[in-house]
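Everything numeric here is computed off the predicted structure, so don't read it as measured data.
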Amino acid sequence: MIWVISRFIVEAYKKVSDSGKDKIVEKTGVNSSIMTIPDSGCVMENGASCLPCTPEEEKKIVTDLRNESERNLKEGNLYFVISSSWFRKWERYVGIDGDENLIGNQSSDSRHINGASSVVAERPGPMDNSDIVENGSDSDIKGNDIQLRRMLMEGQDYVLVPQGVWEKLHGWYKGGPELPRKMILQGVYHKKFDVEVYPLCLKLIDSRDESQSTIWLSRKASLTELFQKVCALKGIEQDKVRIWDYFNKRKYAQLSVSNKTLEESNLQMDQDILLELVDGHQSSKIGMDSTGNDLALVSLEPSRSPLTIAGGPTLSNGHSGYRSNLYPGSSLGSGLADMDDGFEACNSARKVEKGGLAGLQNLGNTCFMNSALQCLVHTPPLVEYFLKDYRAEINTDNPLGMHGELALAFGDLLRKLWSSGRTAIAPRVFKGKLARFAPQFSGYNQHDSQELLAFLLDGLHEDLNRVKQKPYIEMKDSDGRPDEEVAAECWKNHKARNDSVIVDVCQGQYKSTLVCPVCSKISITFDPFMYLSLPLPSTITRTMTVTVFYGDGSRLPMSFTVSVLKNGFCKDLLLALGTACGLKSDESLMLAEVYENKIYRYLEMPLEPLASIKDDEQIVAFRFQKKERGKTRLVIFHRWQEKAELFGTPLVTYLVADQSSGADIEAAVSKVLSPFKKISSAKAHVGKENGILLDGLDEECSCSDAQSVENAELEGTSCRDLSIPLRLTDDRVMNFNAFKKDTLFESGKIIGKLLRVVLDWTDKEQELYDSSYLKDIPEVYKAGLAAKKTRQEAISLSSCLDAFLIEEPLGPDDMWYCPRCKEHRQAIKKLDLWMLPEIIVFHLKRFTYGRYLKNKIDTFVNFPIHDLDLSKYVMSKDGRSYLYELYAISNHYGGLGGGHYTAYAKLTDENRWYHFDDSHVSAVDESDIKTSAAYLLFYKRVRSESKVEAGEASHSHSIS
C-alpha cells in the first residue's frame, strides 16, 4: 500500500510547479500540510519515509557523489558492483542518455532501452545482482562470501559505483546482494588506481586429510594476512603451521610470515597452497613416496652456475645456463629469486630436447600475453641476443625503464623456453613484473596482444638502452633541405638518445609530411617506428540515406542517398554527403541520430564506426558555416500543445553572438522555420512576377531567407515575428520555462554551450507552416524486395599498406599548429616509409572503437609467407634488401571483450611451423597458417645478395 501511494505521490509531484520543494497537491489523497519533498528526500510527520526523490534529483545526487569520489581517489576506498541490467533501468528512469552515460560502455542498441525516449520510464524495482553472482539470488549471504561469475565485463555485465552512491541507491531501492570491492594502487613507476573486482582465489589443501578449502584475499594482502586467515579457518596456532606455494601440485616455495604481498609472491588465481603442521606427529603424507619416506623437494630451476643469468655457461644443446642471483644482494637479484616454473624439473642432467617448443601456461586470461611472447621469443635476432651475455647492456639507471627488471625477466623466460624441451612454462614471475610496471595488464582480464607487444618492445628498449645520459637535442625544421640530409640528421639525433638491440633490430623510420590547407606551409619530419598499424580497407559498401537540414534556414531539408564502405567511419559518410549536397569549403556538416522526436546522439567523432548506425535509424545532418561551430548551439524541439507530446525532427542552429537576448533566440528560431512557412498560390504568383524564386508547388511553397523579406512586404508582417510560443526546456524536455525578449544569455555561462527550446504548436500554426518536412524523415536504409547481399572479398597486405600511406586530413581533435599561420589547422597528412628495420611487425587493425560501438573486422587478409617485397614502398634508395619472410603470427579468434589468442611460429633451423595455443604446441602445415584470425604479422629481412650485404654495411656505418 505504501508503494502505491508513493507512486501516486511521484506522479503528482511531477505535475506541480518547478520550485523543487512544492507541496503535494490534493490529488494524491495525502494531506499536503504534513508532507514536503526536500532536495535530498521526503519525510512524513510520523518519521516514515516515502519515495526519496524525483528522477532529476536522483540523477543529480548520484552524479555529484560520483564526481566527489573521482576527486578523492585513494587506496582502500570502497566500491560496489551492480548488475548492468538493473543499472540501465535506473539510468533510463532518471533520463541519462548515451552521451552522459555513467557507466561509459554502452552498445548502440541501448537507444531502444535508454533515456532517449520522450516517454517517462518506469521506476525500477529493487536492485537485483542475481544475474552476475555465482550464488544466485540469495541476498542473505554477505558480500565477501558471494563471488561474481567469471569473465564478466565492466560496463557490459556490471558497473562499479562508489560507496556513497551505493548507500543512496540501496536506501531508495533496497535489494542486493551487496558486493563490496576495494580500490587498490597498482604499479611501481606509473601508479594507477583500480578496483579489485576479482580478489585472488586460493585453494588450500590440508596435508592431514587432503581436504580442500577456498580462500579469497586481495592480491595486495600480505603473507601475514594469509597465515592469519588460514589459521583462523583451521583453528591452528600460527607458529605450528607451514604453508607452501603448491603451484601445479608441486612444492614450489615455502611461504613465510612477512609483509610481502601475495602478488609479489607470484601466487596466481585458483592455484593451490599446501598446509602442513610443524609437529612431527602430524606429518604430511603429501610429498612422500610409497614407503612413507620423504621425497626430496623437486627442483624447478636448472642447476646453479657461478655465472649470472645474463652470461651463463653453454649447455650441451648450445644454449646458456642461467641463475637468478644477478648482482647478488641487489634488488635485481632478489627480484628474480623466483624463476618461472614448468611442470617438471629443468635439470641440465636431464636429456636435452629440442629448444623453442615449450608452451606457456594460461594463468587466467593470459592467452594474449602468451601469444605475443611466443612471437617475440621466436624472433631470431632476439633469441641470439638473449642467449648470450647481455649483462653489460642492462641500464639500471634509466628513469624511463624498469631498472633492468623487465629485460631480465624476459631474458630468463626466453632461456627457459629454449632449454626446457616441450615442458610448458608457467610465466608467473614475468606476469608479476608486468603487473608491477604496467598495471594496465594486471589482474585476470583479457587484453590486446598488440598493446602488450608495444609495451614490451618499448620497455625492453629502455631497460637495454646503451645511452646512460640522454643529451638534449633541439629539433630543426626541414626548411627545404634534401630529404636524405634531414632523414640522416633525425636518425642520428634519435640514436644519440636511443641505442639498444630493439633499435638495432625493430626500429625503422618513416617520413611525415603536413601541408597547411590555408597558407600551404609544408612541414616534413622523419620519425622512428617499431611496428606499423595498418587499416583494413573494406570492399563491401552500403547505401545510407541522410536528411540534410540547413542551419541558416536558407532552404527546405533534402534527403540524399550515398554509398559508403560498410566498415567505414563517420568521416567517410560526411565526405560522401558533402559531395552529394554540394558542400562549400567554408561549410561543415554535423550528423545526429533522431529517435522518438529527440536527438539521441550527435555523431561528432570522425572515427566513429558506421557499424554503430543501424539501417532502421533516422540520421540527419545539419549544415552550418564552419565559423559558427564552437558557438552556443540552439536545439529546437516541437510539441503539440494540446496533447503535450513531442513530434517531428528537432532543428539545430547556432547563436553566433557571445551574448544573445530572448529576442535573438526568437529571431534565430524564426529564421530556421522560414523555409517551412506556407504562402497562398495567389501570393506565389505575385512573387514570381516580382522575380522572386520560390522553391515550392502550386498551392503552397516554402520561402528562403531572401524570400522571407519579400513575403513580409506582401503580407504586411515580418517572417521573423515568431507566432509560435517558445519556451526553454531541459535535457529531458520535461520542464518548460517562459523567457522574455530582453532576457540575456551569455555564451560563457551556458552549460556546455547548449540551449534547448520548445515550440508549442497549435492547429493555427499548422495552417501557417508545413510540418510534414519535420515528420517524414526516411530511415538510413529501407530494404527492398530485390535487395542483394554483398560479401566481403579478401584483401591483400599491400592494399592495407596503400590505405596506411594514403593522404588524408587530420581529424578535428588532432589539429596541427601551423608556425606560419600561428593557428591550429586541419592539415593534410601523408606518411611514407623511409627506412625499414631488420624485423618488421604489421598490426592489422581489426578492432574499431567508437563512442557507442566496438567492432571486430574478420576480413581475411592475404599476406605472403615468402618474398614479401617492400622496396616499392621505401623512399630511401640505400641499396639495402627490402625482401622479407614471415616467421610468426599472433592470432585472435572470437569477438571483442573475450575471444582467444594463439600464435604460429617458425623454427628456422628445421624450417617448420608450429602452433602455440597456451600450453599446447603442435606442428602445423605452412599452408594452414593463413587465416582470418591473423592479427600481428612478424617478418624478418631476407639476406641473399652480396651486393645487398655490402649496401647494408655501408648504410649501417652511415647511420651509426
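Between Lys251 and Phe247 the shortest side-chain heavy-atom distance does not fall below 4.5 Å. In this structure the side chain of Phe410 reaches within 4.5 angstrom of the side chain of Phe430, judged on heavy atoms. For the pair Tyr510 and Leu836, the minimum side-chain heavy-atom distance is 4.5 Å or more. Between Met369 and Leu452, the closest side-chain pair of non-hydrogen atoms falls below 4.5 Å. Looking at heavy atoms from C-beta onward, Leu532 lies out of side-chain contact with Val841 at the 4.5 angstrom threshold. Side-chain atoms of Glu393 and Ser500, non-hydrogen and from C-beta on, never get closer than 4.5 Å to each other. Using a 4.5 Å cut-off on side-chain heavy atoms (C-beta onward), Leu801 and Tyr873 make contact. Looking at heavy atoms from C-beta onward, Tyr198 lies in side-chain contact with Leu152 at the 4.5 angstrom threshold.
The distance between the ring centers of Tyr385 and Tyr390 falls below 6.0 angstrom. In this structure, Tyr884 has its ring center no closer than 6.0 Å to that of His866. The aromatic ring centroids of His843 and Tyr935 lie less than 6.0 Å from each other. The aromatic ring centres of Phe916 and His378 sit less than 6.0 Å apart.
Atom-to-atom distance recorded for Met835:CE and Gln507:CD is 8.5 Å, nearest 0.5 angstrom. One finds the CG atom of Leu844 at 10.5 Å from the CD atom of Gln450 (value rounded to the nearest 0.5 Å). The CG atom of Leu417 sits 8.0 Å away from atom CG of Leu373, with the distance rounded to the nearest 0.5 Å. Atom OG of residue Ser932 and atom NZ of residue Lys856 lie 7.0 Å apart, to the nearest 0.5 angstrom. Atoms CG and CG, from Leu883 and Leu870 in turn, are 8.5 Å apart once rounded to the nearest 0.5 Å. The distance from atom NE2 of His920 to atom CZ of Arg422, rounded to the nearest 0.5 Å, is 13.5 Å.
No side-chain donor-acceptor contact under 3.5 Å links Asn891 and His900. Judged by distance alone, the side chains of His403 and Thr396 never bring a donor and an acceptor atom under 3.5 Å apart. With no hydrogens or angles considered, a side-chain donor-acceptor pair links Ser371 and Ser890 at under 3.5 Å. Residues His447 and Gln440 have side chains that never bring a donor and an acceptor to within less than 3.5 angstrom of each other. Of the N and O atoms on the side chains of Gln271 and Asp245, at least one donor lies less than 3.5 Å from an acceptor on the other residue. With no hydrogens or angles considered, no side-chain donor-acceptor pair links Gln446 and Tyr901 at under 3.5 Å. Between the side chains of Trp491 and Gln509, no donor-acceptor pair of N or O atoms lies under 3.5 Å.
Looking only at distances, no side-chain donor or acceptor of Arg219 sits under 3.5 Å from a matching main-chain atom of Met269. Side chain of Asp463 to backbone of Ala407: a donor-acceptor contact under 3.5 angstrom is found. With Thr931 contributing its side chain and Ala933 its backbone, the two residues share a donor-acceptor pair below 3.5 Å. The backbone N or O of Asn862 lies less than 3.5 Å from no partner atom in the side chain of Lys930, so there is not a single donor-acceptor pair. For the pair Arg428 (side chain) and Asn266 (backbone), a donor-acceptor distance under 3.5 Å is present. Listed for the Ser265 side chain is no donor-acceptor partner under 3.5 Å among the backbone atoms of Leu267. Remark: side-chain polar atoms of Ser419 are paired, donor with acceptor, to backbone N or O of Arg415 under 3.5 angstrom. A donor-acceptor pair is defined here as one N or O able to donate and one able to accept, closer than 3.5 Å; no such pair exists between the side chain of Lys416 and the backbone of Ile425. A distance-only check finds a donor-acceptor pair linking the side chain of Ser881 to the backbone of Val942 [under 3.5 Å]. Under a 3.5 Å cut-off, the side chain of Lys872 and the backbone N or O of Asp869 do not form any donor-acceptor pair.
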Applying side-chain contact (heavy atoms from CB on, under 4.5 Å), run through Glu885 and Asp867 and close with a yes or a no.
CA-CA 6 Å; Glu885 178 180 279; Asp867 301 326; over 6 Å; no

Test salt bridge (charged side-chain N to carboxylate O under 4.0 Å, His left out) on Arg150 and Asp270; report intermediate values, then the result.
CA-CA 12 Å; Arg150 297 291 179 94; Asp270 296 325; 2.9 Å; yes

Check the pair Lys470, Asn498 against side-chain contact (heavy atoms from CB on, under 4.5 Å), reporting the backbone distance first and the verdict last.
CA-CA 8 Å; Lys470 294 188 177 184; Asn498 303 277; 3.6 Å; yes

Before you tell me yes or no, could you show the steps for Lys433 and Glu263 under salt bridge (charged side-chain N to carboxylate O under 4.0 Å, His left out), namely the whole-Å CA-CA distance, both residues' side-chain angles and the distance that decides it to 0.1 Å?
CA-CA 10 Å; Lys433 298 295 180 186; Glu263 185 175 54; over 6 Å; no

With salt bridge (charged side-chain N to carboxylate O under 4.0 Å, His left out) as the test, would you mind laying out the steps for Arg466 and Asp504 before giving the verdict?
CA-CA 11 Å; Arg466 302 173 186 118; Asp504 298 340; 3.0 Å; yes

What verdict does the salt bridge (charged side-chain N to carboxylate O under 4.0 Å, His left out) test give for Asp397 and Lys468, after you've listed the backbone C-alpha separation in whole Å, the side-chain angles of each residue and the deciding distance to 0.1 Å?
CA-CA 7 Å; Asp397 301 319; Lys468 308 301 181 184; over 6 Å; no

When you look at Asn395 and Asn465, which way does the side-chain hydrogen bond (donor to acceptor under 3.5 Å, both in side chains) test go after all the steps?
CA-CA 6 Å; Asn395 190 335; Asn465 197 345; 5.5 Å; no

Show your reasoning for whether side-chain contact (heavy atoms from CB on, under 4.5 Å) applies to Ile839 and Tyr887.
CA-CA 10 Å; Ile839 299 295; Tyr887 71 89; 3.3 Å; yes

Pair Phe842-Tyr939, ring-ring contact (aromatic ring centres under 6.0 Å, His included): steps then yes or no
CA-CA 8 Å; Phe842 293 113; Tyr939 284 88; 5.8 Å; yes

Determine, step by step, whether Glu405 and Leu408 satisfy the side-chain contact (heavy atoms from CB on, under 4.5 Å) criterion, reporting the C-alpha distance in whole Å, the side-chain angles of both residues, the deciding distance to 0.1 Å, and the verdict.
CA-CA 5 Å; Glu405 291 187 47; Leu408 287 168; 5.6 Å; no

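Scanning for side-chain contact (heavy atoms from CB on, under 4.5 Å) contacts around Asn911 gives Lys906, with sequence neighbours left out.
Few gaps surround CG on Leu400; more than 12 heavy atoms of other groups in view lie less than 6.0 Å from it.
In this structure, Cys506 and Leu457 approach most closely via the heavy-atom pair SG-CD2, 4.3 Å. The two residues Gln361 and Ala426 make their nearest non-hydrogen contact at OE1-CB, 3.2 Å. In terms of heavy-atom proximity, Asp483 sits nearest to Lys511 at OD2-NZ, 2.7 Å. Considering all non-hydrogen atoms of both residues, Met875 and Asp832 come closest at SD-CB, 3.1 Å.
Between Lys249 and Asp272 a salt bridge is recorded (basic side-chain N to carboxylate O distance below 4.0 Å).
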